[in-house]
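What follows is one structure encoded as structure tokens, with my remarks underneath.
Just so you know, these numbers use all the heavy atoms, side chains as well, and skip hydrogens, waters and symmetry mates. Note that the coordinates shown come from a computational prediction; the quantities given were computed from them, not determined experimentally.
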Amino acid sequence: MSSFLRPAVPGPHDPMATAGAPAPAVATATATATATLGRIPAQYRPISSHLAIAPPVSVVIPAMNEAENLPHVFGTLPEWIHEVVLVDGNSTDDTVDVARGLWPGVKVVKQAGKGKGDALISGFAACTGDIIVMVDADGSADGQEIVSYVSALVGGADFAKGSRFANGGGTDDMTPIRKLGNRVLCGIVNAKFGARYTDLCYGYNAFWRHCLDSITLDCTGFEIETLMNIRVVKAGLRVQEVPSHEYLRIHGMSNLRAVRDGLRVLKVILREKGVRRAARRGPAIGINSPRGEVS
């Protein structure tokens, strides 16, 4: 299974494949220009100078005490996004109030559990968009890159995986020991699961919502990113890496601990190698029912 995009064919998960729906999910600049002539459905939304899409896009942002960073994070988000889902990890600062001031329509989910994995699962359950994008709240991700992720998805990928080490990507935040650990862990995943990833432990990803029907999310910590990267490959989903640049956290201290979290990631990798597909099939945790209070 290659981690790079295979030629896409219409399938049961393609949102435009239903009877009576427009066939393409993408409109080119020329097609967009003909909208005034009535040849392009009104639901297409331009997301760049040469691309317009129909599927609504939800952005999930897990946050705990990130009030100082949110102005930058929200400031980079494209205006055409369908919804922003902020998962608040019981913040003691003004994270929620700041988010509502920056994006009046933001959907706030009060996290019931603990950990980044739990927060993301809660956020996914609250999303209504066909495309879901994962963005960190520390200011390390550039929201303007979302167009690249969405382009990969409407171009045929099921899962658009951010990579700091693909051609065009980069990082300002990784120490040498973290780079080494990421490379080793990435190599193990590639060898054991037949992937061709250039990056493993990176949280900037996007995917069609239907992917949640093919993978089970059953961990609550930072290692959920690795778990998703492994299970999309095991499920046979079409994965495309998207070059991404990781910036330094703007304010505050990271909860990431290289050795501790690296060992947790390794544990997930070893566990997944021994799990058969049939044994892990089932509805993704929290997807079929709300998790936490939504406001």
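The pair K116-E225 meets the salt-bridge criterion, with a side-chain N (NZ, NE, NH1 or NH2) lying under 4.0 Å from an Asp/Glu carboxylate O. A salt bridge does not link D136 to R249: none of the charged side-chain nitrogens sits closer than 4.0 Å to a carboxylate oxygen. At a threshold of 4.0 Å, the pair R231-D218 counts as salt-bridged, since one of the basic side-chain nitrogens sits closer than that to a carboxylate oxygen. Residues R238 and D158 are paired through a salt bridge, judged by an N-O separation under 4.0 Å between the basic side chain and the carboxylate.
A side-chain donor from one of Q111 and D118 sits under 3.5 Å from a side-chain acceptor of the other.
A cation-pi arrangement, defined by a distance under 6.0 Å to the six-membered ring centre and an angle within 45 degrees of its axis, is absent between K161 and Y202.
Using a 4.5 Å heavy-atom cutoff, the side chains of I224 and T220 are not in contact. Put simply, the side chain of V189 reaches to within 4.5 Å of the side chain of I269, judged on heavy atoms. Side-chain contact between V133 and V60 is absent, with no heavy-atom pair separated by less than 4.5 Å.
Side chain of R45 to backbone of P55: a donor-acceptor contact under 3.5 angstrom is found. The closest donor-acceptor contact from the side chain of N65 to the backbone of S91 lies at 3.5 Å or more, if one exists at all. The closest donor-acceptor contact from the side chain of W103 to the backbone of G75 lies at 3.5 Å or more, if one exists at all. Here the side chain of N205 pairs no donor or acceptor atom with the backbone of M134 at under 3.5 angstrom.
Closest non-hydrogen pair, P243 versus N167, comes out as CG-O, 3.2 Å.
Between Y149 and F207, a ring centre-to-centre spacing not shorter than 6.0 Å is recorded.
To the nearest 0.5 Å, the span separating CD1 on I53 from CD1 on I131 amounts to 5.0 Å. To the nearest 0.5 Å, atoms CZ (F165) and CG (L200) are separated by 10.5 Å.
Using cut-offs of 30° and 60° on the angle between ring planes, the pair Y247 and H245 is tilted.
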